[in-house]
Amino acid sequence: MVARTATLSTDAADAKMDRMEPSPPHPPEADAPGSPLETGSSAGKEQGALFDPPEPTAEEIAAGAAMAWEIAAAEDRVVADVVLNKPLMDAYTYLVPENLRDEIAPGRRVRVPFGRGPRGGRSETGFVVAVRPVEEYANERGSKPERLKTIDRVLDEAPLVDAKMLELSRWIAEYYLCGWGQVLSSVVPAGVKRNAGTRELVFYRPTETGRAALDAGSLTKKQRAAMAAIIDAGEPVRADYVASKADCGVGVVTSLKHKGFAEQVRKRTDVTEFDDVAIEPWEELVATDEQQAALDTILAALRGQEYATFLLHGVTGSGKTEVYIRAIKEVVEYGRQAIVLVPEIALTPQTIRRFRQRFERVAVLHSHLSDAERSKHWRDIAAGRVEVVVGARSAIFAPCQHLGLVIIDEEHESTFKQDSVPRYHAREVAEKRCREAGVPLILGSATPTLESWHAAQEGRYRLLSLLRRVGKLPLPPVVTVDVRNDPQVRKGRAIGRQLSNAVKAAIEDGGQVILFLNLRGFSPAVWCRACGASLMCPDCDVSLTWHRDKGRAVCHSCAHEQTVPRACPGCGAHELKYVGVGTQKLEEEVKQVFPDATIARMDSDSMRKPGSHDEVLTRFRHSEIDILLGTQMIAKGLDFPNVTLVGVVDADTQLHQPDPRAGERTFQLIAQVAGRTGRSSRGGRVYVQSSNPAEPAIRRAAGHDYLGFVADELRDRWDMSYPPYRRLCRVILRGPDEAAVKRRANEMANALSAAAKSRNLPVQILGPAPCAVARLQKNWRFHFQLSAENPADVRSLWRTVEPEFPTGGDVDFVVDMDPLNMR
DNA sequence: AGCACGCCGACT
DNA sequence: GTCGGCGTGCTC
């Protein structure tokens, strides 16, 4: 058995197994693996085409099944509850055959027959969530023990998840309204399931006759040396090890085996090898008073082993990471582990290096790892060989056995919500996990979500503030530029006069510049001057973006690409024009205006090949690049002291999204981008171009006034009955027939509405209405929302009504609890 | 999610 | 007369 067994098997699972011991003596004729009975039956199967016995009748099958469970009961056998990777709310119960009794355990996966049809349905993979006596199932109300099917096979040598993770995943399934098995399947990385990075290898150990033969001196010279090497090793060893140790060929080991002097052992072994990167040493810093105060509060909770969520509100450059690291140091001293979640996009080599410099054993979990790497890190974590786990959203499921602390950095980032099933938010899952483990959770952000801020106001979270930057550096002044009357912008330029002058001055002064624009491509629309229509994607309700490098118009919502027709497909006029500015056009404009500057563009189009991201940032760090322009990618986490100017080319793109959180996102974005400058004594400035400079989100961001912004925004949220004052659950319907989708949306909304009324549940139904993107990848989309103060009411309403909704057909639906994406 | 079951239209 | 459409409802 591999080491993982010991560390991953859980108290509850052990207790369960204990309860089932001692097992009754096995009758000798019970079919153990490899027994003649089994080989006989499989041989029979292979020849079955010629001598098939007559098919048993339904009665015979039923009688056999009834007998199976009666025998099972008489023999004090067990059943296993199994959950499958399907949107099913219930676990399904299976008989555990005698020969699998010792292997079966909660947290392991099994193959089971599922569904009706010939041969009792298809074979599916599921997770065992419980093992219990068959009588317990038989005594359940409505149980049909005679209809139980039997487990085919146990897949894992050791549980993949422990009892705590089983419970956490069950909670997620319940809260996010999806199947337990769906959660478990996505919690365990694919590489871990396939044991990627490990091999079943053959090892040799001495037998008693082998030892005797060595003592008796009845071996040849080479055999004697090999035998001695095997015995001296003190543990099973590989043949090539023996060969090099005894200076012989591996054939000698084989002959020892044939003679019965050594025997083979098969062991699953780690075969991954990673280079250790050299890490430069770290100079300890002196904590600021603010950092120390925040830290003291966190340490008190750590020492008291109590759950608490801390909202660490720290302006950019205030040294939140230093607080995290010192808190983790304390946790590591107790021999416990910490999980640090960062947005995927911030999971750069620089971020990882920062933790590797300060901790001995850091595991990293993110989407760019190979299966073998991820599986290796997962096994290291489970075995307790890791102090700190740094990872993206799903790292919240890291199998730490002695969790001491969880940190979520940039808590406001929407990437912490998964946008496929299970649609969980890592913050909510972390809260649950920490509460159960009795450990603190730290949420860090310069611009906390309104949900978190509100929780802090209510006292559910404890607020810690870092309002000053380290080194007494001021926050950079932010200039809002009204571009409505700018002569250059009116000519179709992206960069107005003021920003352009500022860029010029910054470069002449030897500084570097970051220009941010959240639209990739060359022009975001192809527009007909004659009829005013834009070129649309044939499959989506989205206008096509012109990518000049490809010479094609591209849909950013699906894979569609096309050439641009000569004539407008709507009116036939030859008046098509590329309008608006994306990063590609911005790059061209900047090159034209600043011909002597070195320019680099960073967006998902220019960063296709792996490593290019890091390469550009390294060049930028070494001042080989004067102007870095790009999308979201350059807004996060970059910390370059020589950046003296940041320009937000168009603050309005974010603001005009059809989303109730557009204001919040705009504020966050400006604050975040502004944080990229003024990080040294050289100072820095920020220019924000907008056509709505009076918009509160923009005005407050320019004033670095988070408190003012949340006060405004919370008032609006209250007026709109929107989170954080209510919980929402969004139901999205889609299908190829617009009328059918609309009809189904109405039916579902009405059914829920009626049920809420009759059950007296305080849940409102908002909608239905077409989605903001009314058509996506050929499907029409409608949505409606359930809104309640208490999410339990939403859940209970949905759970009672949902089973009545038809599935299949050409309209399907998804449920999104606490939605962030409103498209 | 599949997928087998059942009840209504165009073909030999 | 049947084959096959896809709406409906289970799956231990």
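Just so we're clear, the structure is a prediction, and the values are computed from it rather than from any experiment.
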Would you list the protein and nucleotides 5-8 of chain B atom pairs, both N or O, that sit under 3.5 Å from each other?
none

- request: State which residues pass side-chain contact (heavy atoms from CB on, under 4.5 Å) with A:Leu88; sequence neighbours excluded, sorted by chain then number.
  value: A:Lys86, A:Tyr92, A:Phe114
- prompt: Who pairs with A:Ala398 by side-chain contact (heavy atoms from CB on, under 4.5 Å), at least two apart in sequence or on another chain?
  reply: A:Ile339, A:Leu365, A:Ile381, A:Val389, A:Cys400
query: When you check the phosphate oxygens OP1 and OP2 of B:dG2, does a side-chain N or O of A:Arg122 lie under 4.0 Å from one of them?
result: no
So [X], base contact, sugar-phosphate only, or nothing? Heavy-atom distance under 4.0 Å.
| X | result |
| --- | --- |
| A:Thr807 | base |
| A:Leu88 | base |
| A:Tyr94 | sugar-phosphate |

field: With A:Arg726 via salt bridge (charged side-chain N to carboxylate O under 4.0 Å, His left out) - residues at least two apart
entry: none
task: Go through the structure and list residues passing salt bridge (charged side-chain N to carboxylate O under 4.0 Å, His left out) with A:Asp152, not counting sequence neighbours.
output: none
- prompt: Are the charged groups of A:Lys432 and A:Glu436 less than 4.0 angstrom apart, N to O?
  reply: yes
query: Rounded to whole angstrom units, what separation is found between the CZ atom of A:Arg734 and the C1' atom of B:dA1?
result: 12 Å
Residues 165-191 of chain A, side-chain donor-acceptor partners within the protein, below 3.5 Å, at least two apart:
from: A:Glu167; atom 1: OE1; to: A:Arg170; atom 2: NE; distance (Å): 3.2
from: A:Glu167; atom 1: OE2; to: A:Arg170; atom 2: NH2; distance (Å): 3.1
from: A:Ser169; atom 1: OG; to: A:Met165; atom 2: O; distance (Å): 3.0
from: A:Ser169; atom 1: OG; to: A:Leu166; atom 2: O; distance (Å): 2.8
from: A:Ser169; atom 1: OG; to: A:Trp180; atom 2: NE1; distance (Å): 2.9
from: A:Arg170; atom 1: NH1; to: A:Glu174; atom 2: OE2; distance (Å): 3.1
from: A:Tyr175; atom 1: OH; to: A:Arg727; atom 2: NH1; distance (Å): 2.3
from: A:Tyr175; atom 1: OH; to: A:Asp818; atom 2: OD2; distance (Å): 2.7
from: A:Tyr176; atom 1: OH; to: A:His425; atom 2: N; distance (Å): 3.2
from: A:Trp180; atom 1: NE1; to: A:Leu166; atom 2: O; distance (Å): 3.4
from: A:Gln182; atom 1: OE1; to: A:Gly179; atom 2: N; distance (Å): 2.7
from: A:Ser185; atom 1: OG; to: A:Gly181; atom 2: O; distance (Å): 2.6
from: A:Ser186; atom 1: OG; to: A:Val183; atom 2: O; distance (Å): 3.4

Identify every side-chain donor-acceptor pair in residues 745-753 of chain A under 3.5 Å, counting partners at least two apart or on other chains, and give the distances.
from: A:Asn746; atom 1: ND2; to: A:Lys742; atom 2: O; distance (Å): 3.3
from: A:Asn750; atom 1: ND2; to: A:Asn746; atom 2: O; distance (Å): 3.1

Throw together a table of side-chain donor-acceptor distances under 3.5 angstrom for residues 791-802 of chain A, partners on residues two or more places apart or in other chains.
from: A:Thr800; atom 1: OG1; to: A:Arg759; atom 2: NH1; distance (Å): 3.0
from: A:Thr800; atom 1: OG1; to: A:Ser796; atom 2: O; distance (Å): 3.2
from: A:Thr800; atom 1: OG1; to: A:Leu797; atom 2: O; distance (Å): 2.9

query: First contact, last contact: which nucleotides of DNA chain C are these for chain A, 5' to 3', heavy-atom distance under 4.0 Å?
result: C:dT8 to C:dC12
